[in-house]
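Below you'll find the structure, written out as structure tokens, and then a few comments.
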Number of protein chains: 2
Amino acid sequence: MARSEEGFRGPQVCKVVGITYRQLDYWARTDLLRPSLADAHGSGSQRLYSYSDIVELKVIKQLLDAGVNLGQARRAIACLRESGGDLATANLVLGTQGTVLARSGEEIVDLLRGGQGVFNIVPLAAVVDEVDAAILVLDRPGTAAAGPEPLPEARGRRAGS
Amino acid sequence: MARSEEGFRGPQVCKVVGITYRQLDYWARTDLLRPSLADAHGSGSQRLYSYSDIVELKVIKQLLDAGVNLGQARRAIACLRESGGDLATANLVLGTQGTVLARSGEEIVDLLRGGQGVFNIVPLAAVVDEVDAAILVLDRPGTAAAGPEPLPEARGRRAGS
DNA sequence: GCGCGTAACTACGCTGCTGTCATGAGGTTA
DNA sequence: TAACCTCATGACAGCAGCGTAGTTACGCGC
């Protein structure tokens, strides 16, 4: 159960993200999100997930909580990967026509005005914050998760690209 | 197949909304949306849907197209019914915390700022327009559906409450 | 090299949602 | 009343997305 120095293993990821191991396994098998550090190779091996993997998993989890199915979540993380800007300041906007990253609130209002169809909006800053807080309580199980802002140690682990 | 003077029957509703009869039937059986004019009473009867029923059905259809499951759509139309304001100018906002009707774009930006979690936003004006256009081509099958704005005849059929 | 814990793998089943097909009951017309 | 058309209804199938339980095998400590 000890933390590996480079990456997170399956059961740890489940606790941080807030999903079951069955979901993580299903998503890895169906190519929704494979671990980018080390994939499984047989029945006793270990999957190793990176920090950005966990952020993407948390986005999926948030979408599921909002009632969005996995098919739409699949398109969401596909857009999240190809447009690799600064995640913490953007909003992920899933429309019927396509999927975009919106940098400001005005951009979202513009999309609504010209827009037909439904939009699913994910504020990525909140996602990153929640992931950092969850990783902190994984490191120190005694610490409460209600800290106003996470320590820079955890935030520094964020992937640049 | 002729239009009943007061209300729309099942197969007509399917064409207007763009769903299958199986879906309409399933939604009526599971209490997602029963026809408000006449429910089914046995195997040879007919369901009669009102205009506002069709608008709500179109909202559900849009949500499904956006990847939202029926459970969330259930909460959506529940909110749509209890807050019975002017539909055509509002946006239906489904959050993880709850469901609201937002009147302006700034209201949505405020929700995004203070908000954690994902939002599903339905612009109701576009929904009403699409329903009106679909009803028009139901009346005159030769008319194309690409008209810039629907005729006032169909818009007048909208329910006040 | 040898146990042992952990984690991946497999199989089975369940629920929600939908398609397909056959059946049955009203309503309508002759 | 008999034929006929229209919908609602029922039974079955099928897929997505998991839960549960048992099995298997890597990797670490010794």
Side-chain angles (χ1 to χ4, degrees), chain A residues 1-49 53 57 60-77 138, chain B residues 1-49 53 57 60-77 138:
Chain A
M1 194 59 83
R3 159 84 70 83
S4 167
E5 281 311 313
E6 29 204 345
F8 304 81
R9 292 176 303 186
Q12 290 180 326
V13 172
C14 294
K15 290 180 184 174
V16 171
V17 180
I19 58 179
T20 67
Y21 181 80
R22 196 63 188 81
Q23 289 179 292
L24 189 74
D25 183 43
Y26 180 74
W27 298 352
R29 288 171 193 269
T30 56
D31 279 340
L32 209 179
L33 186 81
R34 328 273 305 255
S36 58
L37 294 184
D39 208 344
H41 57 283
S43 179
S45 64
Q46 295 179 154
R47 290 190 254 254
L48 268 186
Y49 291 85
D53 286 340
L57 285 170
I60 299 173
K61 158 74 171 167
Q62 300 265 55
L63 285 173
L64 286 189
D65 289 343
V68 177
N69 57 21
L70 280 186
Q72 187 75 356
R74 227 171 273 267
R75 275 180 278 173
I77 64 164
L138 192 71
Chain B
M1 193 59 82
R3 159 84 68 82
S4 166
E5 281 312 313
E6 29 204 345
F8 304 81
R9 294 177 302 184
Q12 290 180 326
V13 173
C14 293
K15 290 179 184 174
V16 171
V17 180
I19 58 178
T20 67
Y21 183 81
R22 198 64 187 82
Q23 290 180 293
L24 189 74
D25 182 46
Y26 180 75
W27 298 352
R29 289 170 194 267
T30 57
D31 279 340
L32 209 180
L33 186 80
R34 326 277 300 259
S36 59
L37 295 184
D39 206 345
H41 57 284
S43 180
S45 62
Q46 294 181 155
R47 290 191 254 254
L48 269 186
Y49 291 85
D53 286 341
L57 285 170
I60 298 172
K61 158 74 170 167
Q62 300 266 55
L63 285 173
L64 285 188
D65 289 343
V68 177
N69 55 23
L70 279 186
Q72 188 75 357
R74 228 170 272 268
R75 275 179 277 173
I77 64 164
L138 191 70

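Only heavy atoms go into these numbers, but all of them, side chains included; no hydrogens, no water, no symmetry mates. Below, read A as the first sequence line, B as the second, and so on, with proteins coming before strands; counting in each chain starts at 1.
Among the nucleotides C:dC9, C:dT18, C:dC17, the one closest to any side-chain atom of A:R47 is C:dC9. Of the candidate nucleotides D:dC7, C:dC9, C:dC17, C:dC17 has the atom nearest to the side chain of B:Y26. For B:A40, whose side chain is taken as the heavy atoms from C-beta onward, the closest listed nucleotide among D:dT9, C:dC17, D:dG17 is D:dT9. Listed candidates were D:dG19, C:dA7, C:dC9. Nearest to the side chain of A:Q23 is D:dG19. Of the candidate nucleotides D:dC7, C:dT18, C:dC9, D:dC7 has the atom lying nearest to any side-chain atom of B:P11.
Remark: P of C:dG16 and CZ of B:R29 are 16 Å apart, rounded to the nearest angstrom. For A:Q12 and C:dA8, the CD to C1' distance is 15 Å, given to the nearest whole Å. C:dG16 atom C1' lies 16 Å from atom CD of B:Q72, rounded to whole Å. In this structure, CG of A:L24 is placed 13 Å from C1' of D:dC18, rounded to the nearest angstrom.
Contact of the B:K61 side chain with the B:D65 side chain is registered, since non-hydrogen atoms from C-beta on lie closer than 4.5 Å. Within the 4.5 Å cutoff, no side-chain heavy atoms of A:D53 are placed close to those of A:F8. For the pair A:L57/A:I77, no side-chain contact is recorded, criterion being any heavy-atom separation below 4.5 Å from C-beta on. At a threshold of 4.5 Å between non-hydrogen side-chain atoms, the residues B:L70 and B:L63 do not count as touching.
Residue order along DNA chain C, read from the 5' end via each residue's closest nucleotide, puts A:D25 first among B:L70 and A:D25.
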A correct 5'-to-3' footprint of nucleotides 23-30 of chain C, with B, S and - meaning base, sugar-phosphate only and no protein heavy atom under 4.0 Å, is -BBS----

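Considering only side-chain N and O atoms, B:W27 lies under 4.0 angstrom from the phosphate OP1 or OP2 of C:dT18. At the phosphate of D:dC18, neither OP1 nor OP2 sits under 4.0 Å from any side-chain N or O atom of A:T20.
Of the candidates B:L24, B:L37, B:D25, B:D25 is the only one forming a side-chain contact (heavy atoms from CB on, under 4.5 Å) with B:R47.
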For B:V17 and B:Q23: C-alpha separation, side-chain torsions, deciding distance, then whether side-chain contact (heavy atoms from CB on, under 4.5 Å) applies. CA-CA 11 Å; B:V17 180; B:Q23 290 180 293; over 6 Å; no

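In this structure a side-chain-to-backbone donor-acceptor pair under 3.5 Å is missing from A:D31 to A:R34.
Remark: the A:R22 side chain and the D:dT20 base include a donor-acceptor N/O pair separated by less than 3.5 Å.
Contacts of B:L32 with the nucleic acid, taken as non-hydrogen atoms under 4.0 Å apart, are absent.
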